[in-house]
Amino acid sequence: MEQRDVIVIGAGPSGSIASALLKQRGWDVVVLEGQRFPRFSIGESLLTHCLDFVDEAGMLPAVERAGFQYKNGAAFVRGDEYGDFDFGDKFTPGRNSTFQVQRAAFDKVLADEAQKQGVEIRYETRVNAVDNSGEKPRVRAVDAKGLEYEIEGKFLLDASGFGRVLPKLLDLETPSKFPVRNAVFTHVADGAASDSFDRNKIQIVVHPRYRDVWFWLIPFANGRCSLGCVAAKEFFASYPAPLDERLKKLVSEEPFLTRVLANATWDTPARELSGYAANVKAMHGKGFALLGNAAEFLDPVFSSGVTIAMRSASMAAAVLHRQLSGESVDWTHEFEVPLRKGVDTFRAYVRAWYDGRFQDIMFAKHQPAGIRGMICAILAGYAWDESNPFVAEPERRLDMVAKLCAA
Ligand SMILES: Cc1cc2nc3c(=O)[nH]c(=O)nc-3n(C[C@H](O)[C@H](O)[C@H](O)COP(=O)(O)OP(=O)(O)OC[C@H]3O[C@@H](n4cnc5c(N)ncnc54)[C@H](O)[C@@H]3O)c2cc1C
């Protein structure tokens, strides 16, 4: 049977970054990817912190050459209220800009870079069974021609995103505490005048009547935008069934988007994702670890998904390198606990978004001095920087500031 050092399931951002970092450290890595690239994926607005991992993997020049839309912050719109954050004002030192990307192109750049560094990627190869009862984990894969075969590795990294291969096969799933929400989304040729909104920022737009219903507008570099609406699953029941009609009706209820998209060409069929929030009982086990969305996904509102995916890849690669080199490692305290710390920071912000506290702060006429930079650092992805009081105790700080702003 084929033997490898590391088997990675999935060539999304977490799979490409982890496999490249392990290859650079001298390990023999094979990536099994179910689809042919380029392929569509959602998750198009990046945070600045994720470029730290792109850089660590030696892929930053390729990403910079690809011509993606420059992004320097996030803007929030609610009726005639507007507030924005510029990453240059953030509390935590680090990068001040990032990109908004069509993921089909972005994920291909990363995967191609991993291949150039010597990682073997087998496209159109799906993993459909896993056995970790023996000394080494073993996967069964099926290729595009339907040929089934097994590979054994010293370690298995599950980077299968919403495929959630190991959580399903090894019974690791546990429900997310967030309610079931849906996202309906498309790409449009926006036709927007250059001064109609700030194309260097993601626009997060609150529905005028329901503060837990919101839209994203993510400009790309080519005159196109990603547009989506997120709400509780049952909310959509009163809207037209065809997804394109549903999205158009929702947009027509919101004045900012109606104005900005007045000349848009709706040329791409809308899609829907439902109940994407997910969690696991454990992020590692005998011979394996889970990366990115294969472990936990919170919510799209703060664009944290790709950053968490890449951070998990970087942390897992470092621990695994030491394990493969013969050191004894502690996956709980060196990987899962510190990774979950930042995920929990984002979780507090997602909760505060939907219960209204974050919006009370964001749209307040007067905000306490100094807090904007601290919140901005989290919106830039630096959710692990414990010198930031809004990371060290996010719930308490959000509560306190929301009350001050409301007063
Ligand atoms: C509505 C919505 C909006 C979002 N917006 C944002 C955003 O603006 N910014 C952001 O950062 N994040 C966003 N996200 C999150 C983002 O999509 C994910 O966090 C990110 O793609 C996770 O990367 P990953 O590498 O873990 O997995 P993925 O990118 O999902 O990659 C997983 C790969 O594994 C492959 N695979 C799956 N099953 C198998 C199998 N059995 N065998 C072999 N291969 C397999 C898949 O084909 C895929 O290529 C959003 C998510 C949702 C639901």
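Numbering of ligands and ligand atoms starts at 1, following listing order.
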Do S274 and N182 get their side chains close enough for a donor-acceptor pair, meaning under 3.5 Å?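 Their side chains do contain a donor-acceptor pair, which is all the 3.5 Å distance test asks for.
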Starting at CG of L32, measure out to CG of D143 and round the result to the nearest 0.5 Å.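 The CG atom of D143 is 10.5 Å from CG of L32, to the nearest 0.5 Å.
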Salt bridge check, [Y] against [X]: does any charged N sit closer than 4.0 Å to a carboxylate O?
X	Y	value
D190	R199	yes
E245	K249	no
E152	R138	yes
R397	E395	no
R357	D399	yes
R164	E173	yes

Does [X] reach ligand 1, in the sense of a heavy atom lying below 4.0 Å from it?
X	result
F185	no
N128	no
V127	yes
M310	no
R164	no

Test of understanding: given a 4.0 Å heavy-atom threshold, classify the contact between [X] and ligand 1 as side chain, backbone, both, or neither.
X	result
L32	backbone
E44	backbone
P13	both
N293	both
L273	side chain

Taking the six-membered ring of F358, is NZ or CZ of R351 closer than 6.0 Å to its centre and within 45° of its axis?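 No, cation not above the ring by the 6.0 Å, 45° rule.
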Please say whether the positively charged group of R372, taken as NZ for Lys or CZ for Arg, lies over the ring of F85, i.e. under 6.0 angstrom from the six-membered ring centre and within 45 degrees of the axis.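 Judged by the rule, R372 and F85 form a cation-pi pair.
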Nearest-neighbour protein heavy atom for [atom], which is reported as residue plus atom name and distance:
atom	answer
atom 44 (N) of ligand 1	G34 N, 2.9 Å
atom 29 (O) of ligand 1	R103 NH2, 2.9 Å
atom 16 (C) of ligand 1	I42 O, 3.8 Å
atom 15 (C) of ligand 1	F297 CE1, 3.4 Å
atom 27 (O) of ligand 1	G161 CA, 3.3 Å
atom 38 (N) of ligand 1	R126 NH2, 3.4 Å
atom 3 (C) of ligand 1	P300 CB, 3.4 Å
atom 24 (P) of ligand 1	S14 OG, 3.5 Å

Hey, which atoms in ligand 1 end up nearer than 4.0 Å to a heavy atom of [X]?
X	answer
V306	10 (C), 11 (O), 12 (N), 19 (O)
A183	1 (C)
V165	38 (N), 39 (C), 40 (C), 41 (N)
S45	7 (C), 8 (O), 9 (N), 10 (C), 11 (O)
T125	43 (C)
Q35	47 (O)
G292	26 (O)
A159	32 (C), 33 (C), 34 (O)

N/O separation below 3.5 Å, T307 to ligand 1: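 Between T307 and ligand 1, no N or O pair is found under 3.5 Å apart.
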If we only count heavy atoms from C-beta on, is the [X] to [Y] side-chain gap below 4.5 Å?
X	Y	answer
F91	D385	yes
F40	Q102	no
F236	C229	yes

Looking at non-hydrogen atoms alone, which of [options] comes nearest to [atom]?
atom	options	answer
atom 53 (C) of ligand 1	F106, F40, Y276	Y276
atom 37 (C) of ligand 1	S41, S160, A129	S160
atom 49 (O) of ligand 1	E272, E33, R181	E33

Between F106 and F68, how do the two ring planes meet: parallel, tilted or perpendicular, split at 30° and 60°?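 F106 vs F68 ring planes: perpendicular.
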Ring-plane angle category for W384 and H49, please: parallel below 30°, perpendicular beyond 60°, tilted otherwise.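 Ring orientation, 0 to 90° scale: tilted.
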F235 and Y210: aromatic ring centres closer than 6.0 Å?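 Yes, they do, as the ring centres are separated by less than 6.0 Å.
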Just wondering, more than 12 heavy atoms not from K233 lying within 6.0 Å of its NZ?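 Check fails, neighbour count at 12 or below.
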